[in-house]
Amino acid sequence: MSRTLYDLIGLAAGVAFILALKGLSHPKTARRGNLIGAFGATLATLVVFFYANPGSSLPLNHLGLILVAMAIGLLIGVPAARKVQMTQMPQLVALFNGVGGGAAALVAIVEYLHLGAGATTAEVIFTVFTVIVGCVSFSGSVITFMKLQELMTTRPVIFPAGRFIIAATLVSVIGVGGWVVNALGTAPLLILAGLSLLFGVLFVLPVGGADVPIVISLLNAFTGLTVAASGYVLDSVLLIIAGTLVGASGTILTRKMAEAMGRSLFGTLFGAFTAKAQDATGAAEERPVRSGSPDDVAILLNYARRVVIVPGFGLAVAQAQHTVRELADLMISKGIDVAYGIHPVAGRMPGHMNVLLAEANVPYDQLLEMDEVNPTFGQTDVAIVIGANDVVNPAAQTTPGCPIYGMPILEVNHAANIIFLKRSMRPGFAGIENELLYDPKTMLLFGDAKASLTKVVSALKAL
Amino acid sequence: MSAMAILSIFVLAIFVGFEVVSKVSSTLHTPLMSGANAIHGVILVGAIIVADHSETNLELGLAITAIILATINMVGGFVVTDRMLEMFKGNKK
């Protein structure tokens with residue numbers, strides 16, 4: 001295949017990626033957009049096998065091994081993506097991003113070992129950049145995965161003099177990076193890779209639970225940039241276009257997510273360095289709460305005129321989306337006005353609740369965004385909070401200095417009655433006590449969300 | 001390719017990247033992130049290229065590992081994005 005044809009096909013794949021991102025930005029075209037992206041990626045991968053790079057010949061060296069490696073990747077990636085439950089999707093995306101960053105770093109390390117005396121300074125710098133950022137993206141993503149999978153604490157991990165250690169690590173990464181650029185050698189490169197991995201871990205550890213999605217998005221943008229840098233070194237226009245697109249759109253997306261949570265990007269990434277850990281109030285367990293039975297809840301709902309359902313991560317965990325729809329339909333048939341109040345970051349990722357409720361065929365017009373639903377809580381008889389906590393915690397408005405202060409919340413505290421469906425008294429993902437649980441107008445219904453909702457539905461039917 | 005041409009491609013791609021996602025609604029943040037994540041899986045192309053011209057066993061081993069990881073990123077990314085978006089079908093007004 002001629003170089004021109006190779007480049008033209010690469011360009012076509014680049015255009016496919018632009019159309020993919022464009023399509024993914026609109027609900028109607030999103031699925032098609034993703035398929036266009038997959039088509040572009042397939043095209044780009046196939047064409048490599050038919051073009052001999054200068055100094056090489058077809059078929060590619062190690063062709064068998066390459067195909068075996070791709071088969072292994074397919075056998076791992078496809079089942080993981082197909083079998084994962086909706087609740088675990090965020091951490092899977094984090095993991096996929098991590099392996100992408102790891103792949104970019106490995107490619108750069110091989111390139112580095114290959115760079116001869118003829119390499120330009122720019123090539124060396126871009127290669128070293130890819131090693132650093134790829135490693136940071138890899139180890140950072142692994143930490144976000146562990147946080148979301150709850151393999152480690154979801155709270156910010158803050159250690160004494162943490163910010164000095166992080167700053168020192170960053171300085172040494174940059175210093176060793178400069179050394180590697182000047183003195184081509186394997187040992188310095190391995191030290192650099194190790195330091196970069198360490199920096200990725202330190203960078204993500206202080207980030208608190210609810211901010212993790214923002215960090216995933218940022219690391220995603222980082223990985224995009226490493227791909228662009230690899231494209232420069234490997235002389236591939238396609239990699240430059242694809243990587244830059246992801247880097248740029250990922251940056252915008254990260255900012256939008258941060259805005260949706262009402263915080264500055266800077267505050268998210270560096271807030272934990274300065275904020276003090278909230279004391280978990282030991283006395284909390286002993287304070288009185290009002291818990292009710294499913295019958296109490298059904299009676300309260302039966303006499304309500306307007307009910308707002310606020311879903312959270314607990315709904316996803318219990319897979320209760322179909323049951324909640326059943327309850328909503330039942331209330332509507334009784335002439336009760338029902339709406340869902342959707343917080344943009346309820347669950348573990350922006351849009352998590354929309355995806356979940358869409359799966360249960362909840363009509364779009366019942367899903368109200370935060371700005372639409374907040375003014376209506378004053379006229380709402382009952383707000384049912386299902387497995388959500390941080391997104392309704394008034395501390396975000398009243399307690400300066402708490403980790404979620406400034407995050408916009410769903411103001412369920414203005415409703416006449418509040419029902420919390422909870423598994424336990426454990427605080428939410430951000431690890432902050434919720435005063436609303438002790439409010440006299442709050443009733444708690446303990447148990448798995450799906451089981452509780454099923455009981456409420458049958459109690460309501462019996463009335 | 002000249003450095004200037006590469007710089008031009010880079011800068012223009014930044015603006016295209018900014019522009020295409022500028023109007024995304026919060027509902028689609030997660031699928032969009034996941035889709036973009038899958039796109040950077042094309043580092044697979046780079047991994048195949050370095051595997052082709054690796055000379056030592058060390059280089060080859062690293063390149064093969066990179067191919068496995070990149071394939072997981074690319075294929076898994078597109079499949080998981082499709083599964084997310086599948087949930088939205090049939091709900092448009």
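Chain naming here is simple, since letters A, B, ... match the order of the sequence lines and numbering starts at 1 in each. Note that the coordinates shown come from a computational prediction; the quantities given were computed from them, not determined experimentally.
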Has the side chain of [X] got a donor or acceptor atom that lies under 3.5 Å from a matching backbone atom of [Y]?
X: K256(A); Y: S22(B); answer: yes
X: S25(A); Y: V20(B); answer: yes
X: N61(A); Y: A51(B); answer: no

Given side chains that start at C-beta, do those of [X] and [Y] come closer than 4.5 Å, heavy atoms only?
X: L113(A); Y: L62(B); result: yes
X: E19(B); Y: K22(A); result: no
X: T45(A); Y: V42(B); result: no

Report which part of [X] has an atom under 4.5 Å of a heavy atom belonging to chain B: side chain, backbone, both, or neither.
X: V84(A); answer: both
X: L35(A); answer: side chain
X: Y232(A); answer: side chain
X: F49(A); answer: side chain
X: V93(A); answer: both
X: S230(A); answer: side chain
X: N220(A); answer: both
X: I18(A); answer: both
X: A104(A); answer: both
X: L21(A); answer: both

In terms of heavy-atom pairs under 4.5 Å with chain B, which of [options] leads?
options: V68(A), V246(A), L245(A); value: V246(A)
options: G101(A), A81(A), A16(A), S236(A); value: A81(A)
options: G100(A), G98(A), G14(A); value: G100(A)
options: T42(A), I342(A), N97(A), V237(A); value: N97(A)
options: I216(A), L367(A), T223(A); value: T223(A)
options: L74(A), I241(A), V78(A); value: L74(A)

Which atom of [X] lies closest to which atom of [Y], heavy atoms considered:
X: I39(B); Y: A20(A); value: CD1-CB, 4.3 Å
X: I72(B); Y: G73(A); value: CG1-O, 3.6 Å
X: V21(B); Y: S249(A); value: CG1-CB, 3.6 Å
X: I68(B); Y: A69(A); value: CG1-O, 3.5 Å
X: A13(B); Y: A248(A); value: O-CB, 4.5 Å
X: I49(B); Y: Y6(A); value: CD1-OH, 4.1 Å

Option that, when pairs with chain A are counted at under 4.5 Å, heavy atom only, ranks first among V79(B), I67(B), N37(B), V50(B):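 The candidate making the most pairs under 4.5 Å is N37(B).
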Pairs of heavy atoms under 4.5 Å with chain A: top-ranked of V11(B), V75(B), V45(B), L44(B):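 Highest number of pairs under 4.5 Å: V45(B).
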Output the distance between atom [atom1] ([X]) and atom [atom2] ([Y]), rounded to the nearest 0.5 Å.
X: I72(A); Y: T71(B); atom1: CD1; atom2: OG1; answer: 9.5 Å
X: I64(B); Y: M70(A); atom1: CD1; atom2: CE; answer: 10.5 Å
X: R83(B); Y: L92(A); atom1: CZ; atom2: CG; answer: 9.0 Å
X: F10(B); Y: T244(A); atom1: CZ; atom2: OG1; answer: 5.0 Å

Region of L12(B) that comes under 4.5 Å of a non-hydrogen atom in chain A: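 No part of L12(B) comes within 4.5 Å of chain A.
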Heavy-atom proximity to chain A below 4.5 Å, by part of M33(B):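 For M33(B), backbone and side chain are both near chain A.
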Should we count [atom1] of [X] as having more than 12 external heavy atoms under 6.0 Å?
X: E59(B); atom1: CD; answer: yes
X: F78(B); atom1: CZ; answer: yes
X: F39(A); atom1: CZ; answer: no
X: R82(A); atom1: CZ; answer: no

Selection residues 35-55 of chain B - residue pairs positive for salt bridge (Lys or Arg N to Asp or Glu O under 4.0 Å), sequence neighbours left out: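 Passing the test, one end in residues 35-55 of chain B: no pairs.
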side-chain contact (heavy atoms from CB on, under 4.5 Å) assessment of L24(A) paired with T81(B): CA-CA 10 Å; L24(A) 279 166; T81(B) 311; 4.2 Å; yes
Contacts with chain A made by residues 2-9 of chain B (heavy-atom distance under 4.5 Å), listed by residue number: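 The residues closer than 4.5 Å to chain A, in numerical order, are I6(B), I9(B).
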Worked check of side-chain contact (heavy atoms from CB on, under 4.5 Å) between H53(B) and E111(A): CA-CA 10 Å; H53(B) 58 64; E111(A) 265 306 296; 3.3 Å; yes
